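For the numbers below, each heavy atom of this structure counts, side chains included, while hydrogens, waters and symmetry mates do not. No experiment lies behind these values; they were computed from the predicted model shown. Each chain gets a letter, A, B and so on, in the order its sequence line appears, and its residues count up from 1.
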Amino acid sequence: MRLSSLLTSTARWGRAGFALGALALLAGCDYNFWRMDGHQSTITVAGPVARSQLEVFYVTCWVTLVIFILVGGVLAYATLKFRAKTEAEEKAIPPEQGHGNPLIELGLIGASVLALVIIAIPTLKGIWYTYDVPEDRKADTYEITATGYQWWFKFEYPSEQIAGSGALTTGNELVIPAGRPVRVNVRAIDVIHSFWVPKLAGKVDMIPNRGNFLWLQADEPGYFWGQCAEYCGDSHAVMRFRVIALSPKDFADWVAQQTSPARNVTPKPGETAKAQFASLRTFKQNESGITDKYDVAPLEAWKAKQFPEKGENAALIAQGKALFVSKTCASCHEVRGHGAAGISGPNLTHIGARSMLAAGLIENNAEQLQRWIHDPGAVKPGNKMAKGYLDNNIKLTPENEVALVAYLQSLK
Amino acid sequence: MSSHAGTIDHHHDPSTSTGIPNKKLLMWTFLASDCMFFGALISTHLIYRLHPMPDAPSPKNIFSIELTSFSTFILLMSSLMMALAVTAIQKGNLKSMRWSILTTIFFGSIFLGCQVYEFQEFVEIKKMTITNSMLGTTFFTLTGTHGTHVAIGVLWLILMYVRSFQPPEAGRNAAWFIRHAVHIAVIIGAILLAIFATLALVHTLHTGGSISAYFGGHFAMLAGLLACIAAGIFLARPNGPVNFGEANAIDVESMGLYWHFVDIVWIVIFTAVYLLEYL
Amino acid sequence: MSAPAHSAPAAHDHGHDESKFQIYVQIAMLLAVITGVEIVGIYLPFAKWIIVTCLVVLSVVKFMYVIFYFMHLRWDKPFCTIMFFIGLVLASGTTWALLELFMVKDSLPLPV
Amino acid sequence: MEAILKSDLHAKDAHAPAKSTLFWRPTAQTGLISWLTTVDHKKIGFLYGVFALFFFLVGGFEALLIRLQLMYPNGTVLTAQQYNTMFTMHGTTMIFLAVMPLSAAFFNFIMPLQIGARDVAFPRLNAFSLWTFVAGAIIINLGWFMHDGAPDGGWVGYAPLTSKTFAADHSIDMWVMGLQLLGVASIAASLNFIVTIINLRAPGMTMMRLPVFTWMTLITAFLIVLSFPFITIALVELMMDRLFGTNFFEVSNGGMPILWQHLFWVFGHPEVYILILPAMGIVSEILPTFSRKPLFGYPIVVFSGASIGFLGFSVWSHHMFTTGMGTMATAAFSLATMAIAVPTGVKIFNWIGTLWNGHISMRTPMMFALGFVWMFMIGGFSGVMHSAAPADAQQQDSYFVIAHFHYVLIGGSLFALLAGIHYWFPLMFGRKVSEFWGKLSFWVIFAGFNITFFPMHFLGLNGMPRRTFTYDANLGWNAANFIATIGALILGVGIFIYFAVMVYTFLKGEKVAKDVWDARTLEWSLPNPPPEYNYRVIPTVHARDAYWYNKQHKEEIAREEAEKAKAEAAHGGIHMPHQSIYPFVASLGLLIAAVGIAVIDHDPSPGFWGKKIGVSMIGGVVMLAGIYFWALEGNEGYHLHLDDEGHAPADKNAAKH
Ligand code: HEA
Ligand code: HEA
Ligand code: CUA
Ligand SMILES: [Cu+2]
């Protein structure tokens, strides 16, 4: 084949390739990925730490973009301009030329260094700013300890001590006061995890035997997505959590509610447990545990969870409470005030008031909760609850499950 | 091809672009790489020493500086003998080289013996094992790796020593091959038996046992040792022309570089791991 | 493989080697003495940093003697020295950097 | 050829008769034995290439499974464990079993030719490196065929996730021992290359006349011998923890998992330059050839390569910005990392300078090389974005990192290696890939690659974490993931075309005369494929682009060669090393020992050591025996006497000295 025809044909193929790519782009246009405002976006941020990190990113982005356009422009120009047009020209040897030009080299090196200085200055500022709470805000800082476990998070509030059982402890949902700096001490017991709430701050690793910390602040009340960002084994992908920022008043209310023991629902005399169970449907592997409505107004949804469900069946709840001990749940989970004091699983004292289950994986509603306690391993591969309790050959009957679900839902 | 006796310049090999013999360059490059190996190990040890657990054992109560100083001295002397061996073969003095190598082997074995003794004492008397404390873990791994280097060096020295008896046309000489293998086995046997016999003797003296009981109890071991030594002397008797001479100086020299390197690593370990603990 | 054939290889200085023997023995003695000084040194009642500095310096001296004399770097092509020092400098630099990194306050292990 | 004779130190053997009864001297030129015993750097290079491409396809297959799983939210193609295994093996395979050995293939095949040598300095050590690499690759992949499964600790194997407590089965053992063997292989090979480049240059080939590819080989080899020790020690420590219960990473006894990260990345960062420098070397050969100009700013390109290598040792903690190192350390590593952009930029500028005023002919290798420059630039820029630590706090462990390193690894290393294959294919096999199919594969690969990885920048900034087997539909990641998967399929098609055409060409492609590209460096002065002894007459080098100069000064060179040929014949012909089986035996021993350590159960019941020690010891003995025979058989070699046409007599033994 002649060269020229070759070139045209390859160019044609190249164009075809790009057309195909554009098609693929179109195919996905229902979610416009250029608009980067997802729940874990690092671009639409909600706090000063993330904002300062974003600003550094923008600087690097603009500087390199300019360099790319300049260098790329010259490269493209050279490629097109000095392309051999004919076969004869291809064979010909261009006129003898210099082997380099020190002045140009030095100039370009100087320019590169300059570009790097432009990046370096905000970088250094950012490093110091994001490291710890600024001096003048220190007094106002709220302190929290977060511990990573395979594959869930424990949050402790050292400033909220509860007589007889130490600091207030919750799991998988971190509630913070909005508008105040929060300093999170991150810890790990088993393997390395990482604490990351993209909209509030970059990540800091939770490393065994190491005392890391970070600070963040939510400007406004809001509901934020968090994620373990260091590969930590089977279920790393679904080791998630949520951060809920509340106005000072809401936060105080929340603390007051949380520090009280688990809610007790006493059956009226003669009330019977209605075996009203939605028979468990089978779930597909990795089936999503969230409904479409879920993230329309997550903060409101979360707030709604703080109040008792309608139509509670007190007798059923009492049954569930008994099962919680007899089926060994209590050996791993704490339900403060209900005689359950296990520590190897998340604290469930107020589990009914959380919006998500199993470390941010599935929505906290009756169906998903039943799905979880029925077979945790099918929801979250390899997790320790499946190993701990299903391996003990504890089988829950559907009736058991419904009672436990009702009980857990009642723990507001 | 001729052997150019007397005209080999050991600092210049005209067949290479730089004049440095290939084997020497290989060895120096390898040693640069080995620096990084020991750099990683020593870093690990020092990092953990600087951040000990609160109940970590104190090396001061475990180390015995007298023994370590002695073995350090021994290793330095072995380095001297190694250097002499290289000079000897560069002058074509085969006999002198053999004696120097034997002495190097001897000193190297003493060093290894000391280390075996030290490890044994740490484990059995000081109760520091490789698993029960971080100090044990890093200490045994670091000095053990060094000891392995020494052991490899000793093995290499033995092979080189025996190689120096190789007759010409060895490729067709199966009898020689067997003699060669026996020779190596005999020397290794002698070293192992000597180390264990000595350790047993030290043990006897420590525990106040009687010398005659020692001889009685370890008769077979001592007899084996004597037999090995006798066999070693027998196999080393002059036996016709050999294919080993000035041209092999580069092999001996490369081996020497390795050996000296093991020595300088010990210089660093001696200071960083032992001496600094006493401050 | 062949470099420009150098005319007669530089005459081998056998005379030199006699003195080499002397040098080697002397250096070995010196090394032994330094080791002795080091061992005594750790018991001297000086400030810790003085002793540490002295120990480091003495070890470096020993180190250099071994590589430059026993390992003949002194007589070899400088390229061998460069080669080895690349590894040596990188290894020491990395070790130093690692020790520094672990000394930073943030890096201290948690108290038990 | 006095020089060669002198390098042969077995002086006495000069008079020895041919037959050795003790050592097997294989002479097979074809068949299995010839491949197992070869010490010819070209055959070894070819084998490296074949293994590397095989593993590239395996790694690519794993990548496709990854992409299929992530095509839609809540994907069900793989289970979580399978997915974790997949990216671990994908990363490990691509880096250690595909790109590194493919570079090694070029080091082996091309570098000795470029410096005018007849082989590497230690041919048998070279064979040992090859087979040890193969042994390591086998160990790493053994898990696929075993109950324990393949390793799943990520390619960085962070402790304590890889410790016995959290990974009780043997899969991590295989990963550790496999990497350990690969380390041995890489270090041995690199020592060999360093000595070869420093010591075996043809007369006149000064260091500042070395082709840039050879320079980059040298620098890469240095990086390997200086950085692999750190991972070796890290792996030793991990293995001691796993086998003997030591405490290096055992938190309850004061172990610090962060130490693993430091040891790994002290190796890991130089490693990424180990992957890119050979690629840069290849591109620095191709651009001048197809611009028909010498490389612009040769000294500064060489020097910047060296400074990249050197600086590469001082930036490792940029992979650990989120581990809480404190402000000073973070700032220092941040700045040091940025500094690397300068020498890298210098290379880019000089490549453009090379194109400037040239007569650029757009052949397939040139397309890939230009693709490299573009894609590597993009990857480098996202690297610079990472180097700003505060920004990296958001990017670390997100798909932004995945985008960054695939741009430098595929758009960078792989494009250049694919370019190199096209470029040197005519020299290696005497056939040339058709321009049409070459360019077609380029465009499909180029488009597929960008469609796959460009969206990943957005995924990362939009908060998608890496190493996740599933994601929910409500996070705004669906479109980008879908597009990336489509891109990966296109990329797969491109790769398929590339290899299909390559295999076709190898078998029936168009035959070409020597020096198809009118190239500049010495290897092109050889007939294709090059004869076993490479150069009939060791060339004398007069200029930087040695062969270019020779083509310009034909008579002078012809005269010179004739004289040298006569001198060489007078000295007993061309010295060739013997084939040998012992390097293979030594590697086999390593393989057996590693299987013993990694795979056999540590069963304490029958005697303390169980069977583990037995297998390991057998391996050790086989290895020692291999080395011992290897040392004893000697390296005397034999001589080839060429007739006037350059044919060697059929019976090699007859040519013995
Ligand atoms: C071929 C391999 C390769 C190469 C060449 C590079 C090159 C670079 N890399 Fe990359 N990197 C990887 C492979 C590579 N990287 C891999 C595999 C990982 C992930 C590992 C893992 O976690 O699994 C990684 C991760 C990684 C991180 C950690 C990210 C994280 O996990 O948080 C960082 C951080 O700084 C980084 C930075 C850089 C920089 C600054 C360069 C520079 O060398 C780039 C320099 C080039 C240019 C800048 C372009 C050209 C220059 C100019 C045109 C001049 C003018 C430019 C300026 C002045 C800006 N890389
Ligand atoms: C040089 C190195 C290299 C190369 C070339 C590639 C090539 C590719 N890689 Fe990757 N990749 C890494 C190095 C590399 N990678 C590393 C180091 C990691 C990190 C691992 C970790 O986190 O630990 C990673 C991780 C990684 C991830 C992230 C996984 C995660 O974090 O969850 C993804 C996701 O898309 C990905 C995709 C791809 C794709 C689509 C290709 C494509 O370019 C592949 C193209 C090739 C083909 C498509 C093959 C075509 C062949 C056929 C179709 C024939 C198949 C048949 C047979 C097997 C006979 N890679
Ligand atoms: Cu925890 Cu990932
Ligand atoms: Cu890096």
Would you please indicate if the ring centroids of [X] and [Y] are separated by under 6.0 Å?
{"X": "F68(C)", "Y": "F63(C)", "answer": "no"}
{"X": "F111(B)", "Y": "H146(B)", "answer": "yes"}
{"X": "F70(C)", "Y": "W259(B)", "answer": "no"}

Open item on the list: What I want to find out is whether D76(C) reaches K24(B) closely enough, with some N-O distance under 4.0 Å, to be called a salt bridge.
Closed with: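 Result for this pair is yes, salt bridge flagged.
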
Open item on the list: Looking at K23(B) and E253(B), is any side-chain nitrogen of the basic one under 4.0 Å from a carboxylate oxygen of the acidic one?
Closed with: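 Judged by the 4.0 Å cut-off on N to carboxylate O distance, E253(B) and K23(B) do not form a salt bridge.
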
Between [options], who has the most heavy-atom pairs with chain C when the cutoff is under 4.5 Å?
{"options": "G39(B), A83(B), G256(B)", "value": "A83(B)"}
{"options": "L80(B), T29(B), I42(B), L50(B)", "value": "L80(B)"}
{"options": "L76(B), V268(B), T68(B)", "value": "L76(B)"}

Using heavy-atom distances under 4.5 Å, tell me whether [X] contacts chain C through its side chain, its backbone, both, or neither.
{"X": "Y278(B)", "result": "both"}
{"X": "S69(B)", "result": "both"}
{"X": "M27(B)", "result": "neither"}
{"X": "V265(B)", "result": "neither"}
{"X": "I65(B)", "result": "side chain"}

Task: Test ring pair (Phe, Tyr, Trp, His ring centres under 6.0 Å) applied to H149(B) and F38(B), F261(B), F37(B), the passing residue - done: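 Of F38(B), F261(B), F37(B), ring pair (Phe, Tyr, Trp, His ring centres under 6.0 Å) with H149(B) is met by F38(B) alone.
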
Open item on the list: Using the side chain to side chain contact (heavy atoms under 4.5 Å, CB included) definition, which of the options I105(B), I110(B), T104(B) pairs with F107(B)?
Closed with: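 With F107(B) as partner, side chain to side chain contact (heavy atoms under 4.5 Å, CB included) holds for just one option, I110(B).
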
TODO: Mind running salt bridge (charged side-chain N to carboxylate O under 4.0 Å, His left out) on K62(C) and E38(C) for me, showing each step along the way?
DONE: CA-CA 11 Å; K62(C) 283 205 284 189; E38(C) 284 182 329; 3.0 Å; yes

Task: Heavy-atom contact with chain B under 4.5 Å, split by part of Y43(C) - done: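 Interface part for Y43(C): side chain.
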
TODO: With a 4.5 angstrom heavy-atom cut-off, could you sort out which part of I86(C) is near chain B: side chain, backbone, both or neither?
DONE: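 Looking at I86(C), nothing touches chain B.
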
Open item on the list: Counting heavy-atom pairs closer than 4.5 Å to chain B, which one of A32(C), C80(C), G41(C), S92(C) comes out on top?
Closed with: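 Top option by heavy-atom pairs under 4.5 Å: C80(C).
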
Open item on the list: Looking only at heavy atoms and a cut-off of under 4.5 Å, which of L31(C), T81(C), I67(C) has the most pairs with chain B?
Closed with: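 Between L31(C), T81(C), I67(C), the count favours L31(C).
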
